[in-house]
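Below is one structure, written out as structure tokens; the observations come after it.
Throughout, numbering of the chain's residues begins at 1 and tracks the sequence.
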Amino acid sequence: MQFGKYILDLSEPQVMGILNVTPDSFSDGGELLTSQGLQLDVIRSRAEAMVTAGASILDIGGESTRPGATLVSAQEELDRVLPVLEMLQDLPVILSLDTSNPDLITAGAKFGAGLINDVRALRRPGALEAAAATGLPVCLMHMQGQPSTMQEAPTYEALIAQIADFLQERVAACLEAGISNTQILLDPGFGFGKTLAHNVELLAGLDKLHESLGKPLLIGVSRKRMLGFLTGGKVEKERVDAGLAAAVVAVMKGACIVRTHDVAPTVDAMKICKAVLAVN
């Protein structure tokens, strides 16, 4: 698939490194953006380390979407993300915009972004049109509700089918807006409007979802609470090994991009998956 100036082979597993330039993201909030502002030296160092470790994509976000997160203004998100995009343009890696903000989608494309990764699946007013105008590929995520309310008793009658229906509707909207069918990735949204039981069911049924959708799947399970509930890891950095296990299961069931805070061990895990998948 073409991502701006880069082509990425999605027939083998790829790793997306997370760069949250927020004060409140659930695992790394406040590390790259402090009360003193953007920590550009730290951001650059972390980005370079991720590229060296084997990340194919860096996902840059200026708005936390953790459970209970509040919205930031469009301008504040621009101020957080654009300087980072500009600084990292020279790195040999795809830069992804983790945003729902149409203004940032438009501006980010001019600063070298190669992917629009939207947890709201381009449903915010103007986002779909802005994404289509960039000509960039998009990743559409399933989420029940909004970040501020999504974990307030989410319910499903048929989890896999409902996620598939939602994503197929968003694909249709993208096609109608002029986004190419070959430029769409899908994310089932682990942890977004889903209980622990839902997340486990989703992971177990990911192969069925992939088969029904027929699109490349991106998954993000890194350090999430679902892993802590299953393993007892009470803090995010105690969940790295569990995240690797979940990522391996997801890739063996059809996912092709793994979004993670922990690039180096995830790249190693994906090498094992690649070797096994090449035999089948």
Side-chain angles (χ1 to χ4, degrees), residues 18 20 22 24-29 59 61 63-72 98-101 117-125 127-128 138-174 184-213 215 217-236 239 242-243 245-247 249-250 253-255 257-261:
I18 299 170
N20 285 321
T22 62
D24 56 345
S25 290
F26 84 95
S27 183
D28 54 357
D59 196 36
E63 177 196 16
S64 174
T65 51
R66 62 176 174 77
T70 56
L71 291 173
V72 300
D98 177 9
T99 187
S100 305
N101 179 349
N117 181 24
D118 185 6
V119 300
R120 297 177 179 85
L122 299 175
R123 287 180 292 163
R124 184 173 284 176
L128 181 57
V138 299
C139 183
L140 312 171
M141 196 193 79
H142 173 272
M143 172 171 54
Q144 188 179 100
Q146 295 295 326
S148 59
T149 60
M150 63 186 179
Q151 291 306 108
E152 295 178 4
T155 58
Y156 298 86
E157 294 181 2
L159 178 76
I160 301 297
Q162 287 177 250
I163 292 173
D165 287 347
F166 170 86
L167 291 173
Q168 286 167 342
E169 289 173 2
R170 296 313 301 156
V171 168
C174 286
I184 301 173
L185 299 95
L186 302 175
D187 181 345
F190 284 97
F192 284 79
K194 299 171 184 72
T195 65
L196 173 60
H198 294 145
N199 287 314
V200 173
E201 181 182 350
L202 175 56
L203 187 58
L206 202 62
D207 50 348
K208 296 177 182 177
L209 182 67
H210 181 236
E211 182 179 354
S212 68
L213 292 171
K215 290 275 187 294
L217 291 185
L218 181 154
I219 64 103
V221 292
S222 177
R223 303 186 183 182
K224 289 192 172 179
R225 285 190 299 174
M226 60 176 279
L227 305 172
F229 290 141
L230 292 170
T231 66
K234 295 181 180 180
V235 298
E236 290 82 1
R239 304 171 188 164
V249 172
K253 286 180 170 286
I257 301 176
V258 175
R259 184 178 183 271
T260 181
H261 300 86

Counting distance only, does the side-chain N/O of [X] pair as donor-acceptor with the main-chain N or O of [Y] below 3.5 Å?
X	Y	result
Lys194	Gly189	yes
Asn199	Gly191	yes
His198	Thr195	yes
Glu63	Thr99	no
Lys253	Ala204	yes

Only residue of Val171, Leu218, Asp187 satisfying side chain to side chain contact (heavy atoms under 4.5 Å, CB included) with Leu140 is Val171
Check: [Y] and [X] side chains under 4.5 Å, non-hydrogen atoms:
X	Y	value
Asp118	Arg170	no
Asn20	Ser64	no
Leu203	Val221	no

Show, in sequence, the C-alpha distance, side-chain angles and deciding distance for Leu185 and Lys215, and conclude whether the side-chain contact (heavy atoms from CB on, under 4.5 Å) test is met. CA-CA 6 Å; Leu185 299 95; Lys215 290 275 187 294; over 6 Å; no
Heavy atoms of Ser212 and Ala164 approach each other most closely as OG-CB, 3.9 Å
What one should report as the nearest heavy-atom pair of Ala247 and Ile219 is CA-CD1, 4.3 Å
Output the distance between atom [atom1] ([X]) and atom [atom2] ([Y]), rounded to the nearest 0.5 Å.
X	Y	atom1	atom2	result
Phe190	Met141	CZ	CE	11.5 Å
Leu122	Cys174	CG	SG	5.0 Å
Ile18	Arg259	CD1	CZ	4.0 Å
His142	Leu167	NE2	CG	6.5 Å
Gln162	Glu157	CD	CD	6.0 Å
His261	Glu236	NE2	CD	8.0 Å

Requested in this report: Using the side-chain contact (heavy atoms from CB on, under 4.5 Å) rule, take Met143 and Arg120 through it: C-alpha gap first, then chi angles, then the decisive distance, then the call.
Outcome: CA-CA 7 Å; Met143 172 171 54; Arg120 297 177 179 85; 3.9 Å; yes
Quiz item: Are Tyr156 and Gln144 close enough, and set up right, to give a side-chain contact (heavy atoms from CB on, under 4.5 Å), and what steps lead you there?
Solution: CA-CA 9 Å; Tyr156 298 86; Gln144 188 179 100; 3.2 Å; yes
Please list, one pair per line, the donor and acceptor atoms closer than 3.5 Å that link side chains of residues 226-233 to other protein atoms, with sequence neighbours excluded.
| from | atom 1 | to | atom 2 | distance (Å) |
| --- | --- | --- | --- | --- |
| Thr231 | OG1 | Leu227 | O | 2.8 |
| Thr231 | OG1 | Gly233 | N | 3.3 |

Residue set satisfying side chain to side chain contact (heavy atoms under 4.5 Å, CB included) with Ile160, at least two apart, ordered chain then number -> Leu202, Leu209
Count the heavy atoms belonging to other residues, nucleotides or ligands that lie under 6.0 Å from CD of Glu211, then report whether that count exceeds 12.
no
